[in-house]
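Given the structure is predicted, the values throughout are model-derived calculations rather than measurements.
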Amino acid sequence: MAKKRSCRRTADEDKIHEKAVKMRKMTDEQLSQELNKSKGGRIGGKLLSLLGGAVILFGIILGGNMALIIIGAVLMGLGQMTQGKAGDKANKQAYDTIVPEIVGNIFTNIQMDPLPHLLDAKDTNIPLPSHSYCSGSGYIRGTYHGLTSELCTIKLTDVDEFQREETGLWEKNEREIYRGQWMLCELEQEFPTWLTFWPRDKMDKLFHSRTIKTGNEAFDKRFDLSSDNEQEALRILNISRMERIMELADNSFGKFAVNLNKDGKIYIAVHSGHAFFDIGKGKEDPGQLRQRYIRELNWFTDLVDVFRSV
């Protein structure tokens, strides 16, 4: 008769656990130092940018003094570059320290920056604001419960050309209008129709834009629903799933949209304003970053689970 294994850790397992905790503490301390350096770099860069703006303004007040305007522009550019470098370095440190463990606890067969990409925003019916360019970054591919999945950050940029009165030169102004976290999961099953639901805005409510009504008042107030087969869409998006979606909506970290294709691909887009595993303004310590990364990643997989058993 086989011996029943004790639930308590052995002395060797305790040592391994203690070593893992110690290593995490060491890396967290190093990350904390890097985050503090990043704060200093960002503050210094911001002050340099403000100084540059002040010099440009002073040059304009003096009748368009080109020397001062150029100096101000250089200072502003250096300030923005300093802020960007400080943030990028801290982001990489946080990524290298925290992300592999978190992603490895949820996905298998992980690939960082895989090529070619599976997730393309243009492949979906998810409505997006008008833009000049669409770009993706931070691609991570893995297997979730046997299903091929991919994460990335989608950024939309609008570009305007304008002529500066003081110099007469034409310049381009690039403006980020959207940054969001996206996930693709291949559910490996076919569906009788496609469906897309996305946040309902004030104009939709005002003009009563055409949308499929589900009969769930809370859902219909919060989302628009579109499909080429209303009956089949409502069979897929049944009462139980809508209730689970509304629970996730209450805990979301941004407005989100979902597109389910006939071939079984589900796309989830959250307009969070930041990237996956982004340190944001750098105010969170390593422990808080780790918890946020886990919380956001689990939110995505929870939404996949809503449709995984269709």
Step-by-step side-chain contact (heavy atoms from CB on, under 4.5 Å) determination, Lys213 to Leu225: CA-CA 7 Å; Lys213 297 295 184 181; Leu225 172 63; over 6 Å; no
Report yes or no: do [X] and [Y] belong to one cluster of Ile/Leu/Val/Met/Phe/Trp/Tyr joined by side chain heavy-atom distances under 4.5 Å?
X: Tyr267; Y: Phe253; result: no
X: Phe107; Y: Phe307; result: yes
X: Leu184; Y: Ile110; result: no
X: Val270; Y: Leu303; result: yes
X: Ile154; Y: Phe277; result: no

For [X] versus [Y], what's the shortest heavy-atom pair and its separation?
X: Ser252; Y: Gly254; answer: OG-O, 3.2 Å
X: His117; Y: Arg141; answer: CA-NH2, 3.8 Å
X: Met183; Y: Leu119; answer: C-CD1, 3.8 Å
X: Arg308; Y: Gln189; answer: O-OE1, 3.6 Å

Distance (rounded to the nearest 0.5 Å) between [X] [atom1] and [Y] [atom2]:
X: Glu190; Y: Lys265; atom1: CD; atom2: NZ; answer: 12.0 Å
X: Ile266; Y: Cys185; atom1: CD1; atom2: SG; answer: 7.5 Å
X: Leu289; Y: Tyr95; atom1: CG; atom2: OH; answer: 14.5 Å
X: Arg241; Y: Arg244; atom1: CZ; atom2: CZ; answer: 7.0 Å
X: Ile294; Y: Ile106; atom1: CD1; atom2: CD1; answer: 7.5 Å
X: Asp278; Y: Gln181; atom1: CG; atom2: CD; answer: 8.5 Å

Does [X] use its side chain to pair, donor to acceptor, with the backbone of [Y] at less than 3.5 Å?
X: Arg235; Y: Glu230; result: no
X: Ser149; Y: Leu147; result: yes
X: Glu232; Y: Asn229; result: no
X: Ser227; Y: Trp194; result: yes
X: Arg222; Y: Trp198; result: no
X: Asp220; Y: Gly215; result: yes
X: His131; Y: Pro129; result: yes
X: Asn261; Y: Asp263; result: no
X: Glu150; Y: Leu118; result: yes
X: Ser272; Y: Gly180; result: no

Atom CD of Gln288 with >12 non-hydrogen neighbours under 6.0 angstrom: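 Atom CD in Gln288 is packed in, count exceeds 12.
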Exercise: do Thr196 and Asn259 side chains pair donor with acceptor under 3.5 Å: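 There is such a pair between these side chains.
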Any side-chain donor near an acceptor of the partner, Asn109 and Thr143, under 3.5 Å: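 Judged by distance alone, the side chains do pair up.
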Are the side chains of [Y] and [X] in contact, using a 4.5 Å heavy-atom criterion?
X: His271; Y: Pro199; result: no
X: Ile245; Y: Glu247; result: no
X: Tyr293; Y: Glu284; result: no
X: Leu195; Y: Leu234; result: no
X: Glu101; Y: Arg290; result: yes
X: Gln111; Y: Ile140; result: no
X: Tyr178; Y: Asp158; result: no
X: Met246; Y: Leu248; result: no

Between [X] and [Y], is the ring centroid distance below 6.0 Å?
X: Phe219; Y: Phe197; answer: yes
X: Trp299; Y: Phe256; answer: yes
X: Tyr139; Y: Phe276; answer: no

CA sep, side-chain torsions, deciding dist, call: Thr193, Ile236, side-chain contact (heavy atoms from CB on, under 4.5 Å): CA-CA 9 Å; Thr193 188; Ile236 296 171; 4.1 Å; yes
Full working for side-chain contact (heavy atoms from CB on, under 4.5 Å) between Thr148 and Tyr144: CA-CA 6 Å; Thr148 299; Tyr144 176 67; over 6 Å; no
Hydrophobic cluster partners of Val159 (side-chain heavy atoms under 4.5 Å):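 Under the 4.5 Å side-chain rule, Val159 groups with Tyr133.
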For Glu176, side-chain hydrogen bond (donor to acceptor under 3.5 Å, both in side chains) partners two or more places apart: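 For Glu176, the residues satisfying side-chain hydrogen bond (donor to acceptor under 3.5 Å, both in side chains) (neighbours in sequence not counted) are Arg179.
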Trp182 and its side chain to side chain contact (heavy atoms under 4.5 Å, CB included) partner, picked from Asp120, Ile268, Thr153, Ile126: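 Answer to the side chain to side chain contact (heavy atoms under 4.5 Å, CB included) test with Trp182 among Asp120, Ile268, Thr153, Ile126: Ile126.
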